[in-house]
Amino acid sequence: MDRPRRAPYPDPFTTHRKPEAEIMERALVADLRKHVGQTVTIQGWLYNSRSSGKLAFLIVRDGTGTVQCVLEKTDANAEMFAMAEKLSQESSLEVDGEVRADERAEGGVEMTAKAVRLVHASEGYPITPKPHGVDFLFRNRHLWFRSKRQWMILRVRATIIDEIRSFFNRNGYILIDTPIFAPSAGEGSQTLFKVDYFGEEVYLAQTGQLYLESACMAHRKVYCFGPTFRAEKSKTRRHLTEFWMVEPEIAYCQLDDVINVAEDLVCSLAQRVLRDHRTELEALGRDISKLEAIKKPFYRITYSEAAEILRGPRTRELLDSDMVRATARKAELEKMIAEKEKEAAGQGVKKWKAEKLAAEVIDHREELSEVETEIDNIPKHKQLSANFDWGGDLGGSDETLIARLHDRPVFVTHYPRDCKAFYMRRHDADPRLVQNFDLLAPEGYGEVIGGSQREERLDVLVHRMQEEGLKQEDYEWYLDLRRYGSVPHGGFGLGVERTVRWLCGLQHIRETIPYPRLMGRFYP
RNA sequence: UCCCCGAUAGCUCAAUGGUAGAGCACCCGGCUGUUAACCGGGUUGUUGUAGGUUCGAGUCCUACUCGGGGAGCCA
């Protein structure tokens with residue numbers, strides 16, 4: 001009904017200009033505070049609505065925010081009121097109304113609607129205001145990111161990406177785009193996606209690093225920023241098969257210099273997010289004080305020290321107290337579930353009350369199953385850390401433990417060279433080690449950065465490649481960098497989604513990217 | 001590749017081996033300040049697939065498929 005008379009679609013912006021007298025100022029929800037007292041038009045989608053006979057509450061989102069529009073039924077607008085009251089979720093609409101400051105409203109601003117025009121009636125929008133399962137939500141990802149929480153996360157992501165770019169740009173780095181189709185030369189070849197390239201086998205890039213090393217010899221400080229592909233069959237809350245990574249590479253630079261850059265970058269990301277997204281972070285339930293604590297200097301420990309910590313008493317104490325807490329929580333949840341089920345089944349309980357209890361029971365059951373998984377895992381983690389052997393890489397649970405034992409990010413340096421890539425520079429004082437580092441985010445978020453000083457000595461590098469069984473002929477171009485003015489250099493890679501997860505305080509990495517690609521999930 | 005958990009209405013979930021249910025969504029009606037609004041009425045099923053046990057299977061057994069979590073590996 002009520003096709004918009006004054007702002008017809010399609011294309012209300014150019015083809016059907018309204019006569020000057022009828023033009024009402026269009027406003028964005030994000031700017032409504034500046035329009036208090038004025039009557040404006042907003043254009044958006046119906047997020048949710050309620051009505052109570054003579055009043056209709058329309059919660060409208062317009063891409064910049066949401067606002068509640070209150071429409072009062074009068075003799076004159078009965079038809080429009082009936083239409084507005086029945087609008088379905090996610091119908092697109094325009095609302096003319098007066099902007100009002102109102103303490104009852106969520107954002108402090110509300111609109112008294114004067115006219116509501118339907119643009120398109122949505123039918124059977126699948127994502128209701130009630131809870132849904134993850135599988136369903138990701139099958140509807142194209143719609144799900146309209147929802148508030150997802151909307152906020154993707155905004156924070158955009159800001160983090162913007163800050164990454166401006167950090168490197170303002171610090172004199174040159175953007176060098178590295179290829180996505182790559183020949184076999186890379187790190188571990190089992191984790192590469194194969195692509196048929198006109199009959200030849202090439203791979204989707206796993207890192208731009210080798211190319212960047214060449215570029216830093218031309219531009220001194222460079223970075224690349226693009227998607228990265230890993231065919232790892234990992235099903236965990238910190239893995240994607242397609243993710244975004246920023247990699248700086250610096251000529252005339254040693255391990256400490258690289259670590260300092262990583263430290264500065266992470267600090268400016270945290271500050272920028274705190275500055276621009278305090279509201280979103282709070283709404284996401286992020287503990288802001290944890291982000292405010294992301295300040296220089298971060299902790300720096302060596303791999304050997306990390307190994308000692310893992311085998312030591314502090315780790316055991318932490319896991320023991322985890323076990324005590326998880327066990328207590330399990331008992332508590334079981335008790336609450338039993339009580340609520342009993343209460344809901346009792347005589348004379350109001351229907352709505354029983355339903356509310358049932359919903360709470362579902363939540364408790366979900367938490368219970370997580371706690372039970374934790375209880376299962378703690379002994380495993382305990383064993384993994386207690387039996388940690390010098391020489392192996394730090395596992396996911398090991399990293400989590402190290403990170404949880406610190407209140408700021410931790411650089412772990414000087415890993416055994418046997419578990420690290422061939423291009424990392426051998427440590428002069430101890431040839432068993434390489435000049436590398438990982439940055440572990442606190443609160444258990446784990447690795448967000450991996451980096452190293454690169455091996456600049458031709459003979460050492462060639463020897464290392466032979467050990468790894470790499471074909472020298474594939475890397476001649478790379479070895480040229482060590483033939484023509486080789487210098488100490490290094491860099492790192494920061495995983496964007498892991499950073500977003502950490503800064504937003506999210507359970508799972510899959511919410512940090514618009515269309516997550518996971519093992520077994522590539523639709524839509 | 002290995003280990004654990006799960007799959008019932010469009011969605012979220014119930015159902016001591018014995019007639020498949022509730023809420024939401026959707027439709028109708030009511031309510032002048034709602035915040036996952038509420039109240040009354042209505043519609044909604046090949047219980048993931050294929051076998052097996054049983055008088056009888058959503059429920060027990062086997063295999064497979066898909067999903068979730070974790071290990072390994074990693075940003």
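What you see is a predicted model, and the numbers here were worked out from it, not measured in a lab. By convention in this document, chain letters (A, B, ...) are assigned in the order of the sequence lines, proteins followed by strands, and residues within each chain are numbered from 1.
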Across the strands shown, which category fits P131(A) at heavy-atom distances under 4.0 angstrom: base, sugar-phosphate, nothing? base

Indicate, with a heavy-atom threshold strictly under 4.0 Å, whether I59(A) touches base, sugar-phosphate, or nothing. nothing

Tell me whether the side-chain N/O atoms of R50(A) come closer than 4.0 Å to OP1 or OP2 in C39(B). no

Which is true for S52(A) with a 4.0 Å heavy-atom rule: it touches a base, it touches only sugar-phosphate, or it touches nothing? base

Using a strict cut-off of less than 4.0 Å between a Lys/Arg side-chain nitrogen and an Asp/Glu carboxylate oxygen, indicate whether R464(A) and E455(A) qualify as a salt bridge. no

Would E280(A) and R286(A) pass as an ion pair if we require N to O under 4.0 Å? no

When you compare G58(B) with C66(B), how far apart are their P atoms, in angstrom units rounded to a whole number? 25 Å

For G67(B), the nucleotide meeting Watson-Crick or G-U wobble distances (both under 3.5 Å) is C5(B)

Take the protein atom CZ of F388(A) and the nucleotide atom P of G72(B), then report the distance between them rounded to whole Å. 10 Å

From CG of L137(A) across to P of G10(B) the rounded distance in Å is 17 Å

Does the side chain of R237(A) get closer than 4.0 angstrom to OP1 or OP2 of G70(B) through an N or O atom? yes

Mind checking the P distance from U34(B) to G67(B)? Whole angstroms is fine. 44 Å

Taking any heavy-atom pair under 4.0 Å as a contact, classify G124(A): base, sugar-phosphate, or nothing. nothing

Within the sub-3.5 Å range, which N or O atoms of nucleotides 3-7 of chain B have a protein N or O partner, and how far apart are they?
none

For the C1' atoms, the ones on G33(B) and on C24(B), what distance do you get once it is rounded to whole angstrom? 24 Å

Any salt bridge linking D322(A) with R325(A)? Criterion: basic side-chain nitrogen under 4.0 Å from a carboxylate oxygen. yes

Does S51(A) reach a base, just sugar-phosphate, or nothing at all? Heavy atoms under 4.0 Å. base

For E247(A), answer base if it contacts any base atom (sugar-phosphate contacts may also be present), sugar-phosphate if it contacts only those atoms, and nothing otherwise; contact means non-hydrogen atoms under 4.0 Å. nothing

Is the W390(A)-Y303(A) ring centre distance short of 6.0 angstrom? yes

Distance, C1' atom - from C74(B) to U16(B), rounded to whole angstrom: 48 Å

Flag the pair R141(A) and E511(A) as a salt bridge only when some basic side-chain nitrogen lies within less than 4.0 angstrom of an acidic carboxylate oxygen. no

Should the pair R408(A) and Y299(A) be classed as cation-pi, given the thresholds of under 6.0 Å to the six-membered ring centre and 45° from the axis? yes

For L87(A) and U34(B), what is the distance between atoms CG and P respectively, to the nearest whole Å? 21 Å

Quickly work out the M519(A) CE to C73(B) C1' distance and round it to whole Å. 13 Å

C1' atom, C38(B) versus A75(B): distance in rounded Å? 49 Å

Does R510(A) have a side-chain nitrogen or oxygen under 4.0 Å from the phosphate oxygens OP1 or OP2 of G67(B)? no

Rounded distance (Å) that lies between atom P of G70(B) and atom NE2 of H381(A): 8 Å

Is it the case that C11(B) (base atoms only) and H132(A) (side chain only) share a donor and an acceptor within less than 3.5 Å, ignoring hydrogens and angles? no

Write down the distance separating the P atoms in U8(B) and U12(B), rounded off to the nearest Å. 8 Å

Tell me whether the side-chain N/O atoms of H508(A) come closer than 4.0 Å to OP1 or OP2 in G68(B). no

Just checking G396(A): base, sugar-phosphate only, or nothing, at a heavy-atom cut-off of under 4.0 Å? base

Presence of salt bridge, E249(A) and R454(A), under 4.0 angstrom: yes

What integer number of Å spans the C1' atoms of G10(B) and A25(B)? 7 Å

Sticking with atom C1', work out how far A9(B) lies from U43(B), rounded to a whole angstrom. 11 Å

Can F243(A) be called stacked on A75(B) when the rule is centres closer than 5.5 Å and an angle between planes below 30°? yes

How would you label the contact of N48(A) with the nucleic acid (heavy atoms, under 4.0 Å): base, sugar-phosphate, or nothing? sugar-phosphate

What does K73(A) touch in the nucleic acid at a heavy-atom separation under 4.0 angstrom: a base, only the sugar-phosphate, or nothing? nothing

Could a donor-acceptor pair under 3.5 angstrom be found where the side chain of Q68(A) meets the base of U34(B)? yes

So, Y125(A) versus Y47(A), ring centres under 6.0 angstrom or not? no

Can you find a side chain N or O atom of K130(A) that sits less than 4.0 Å from OP1 or OP2 on U12(B)? no

What does E399(A) touch in the nucleic acid at a heavy-atom separation under 4.0 angstrom: a base, only the sugar-phosphate, or nothing? base

Does this structure show an ion pair linking R238(A) with E399(A), if we count only N-O contacts that are shorter than 4.0 Å? no

Using a heavy-atom cut-off of 4.0 Å across all strands, would you classify E72(A) as base, sugar-phosphate, or nothing? base

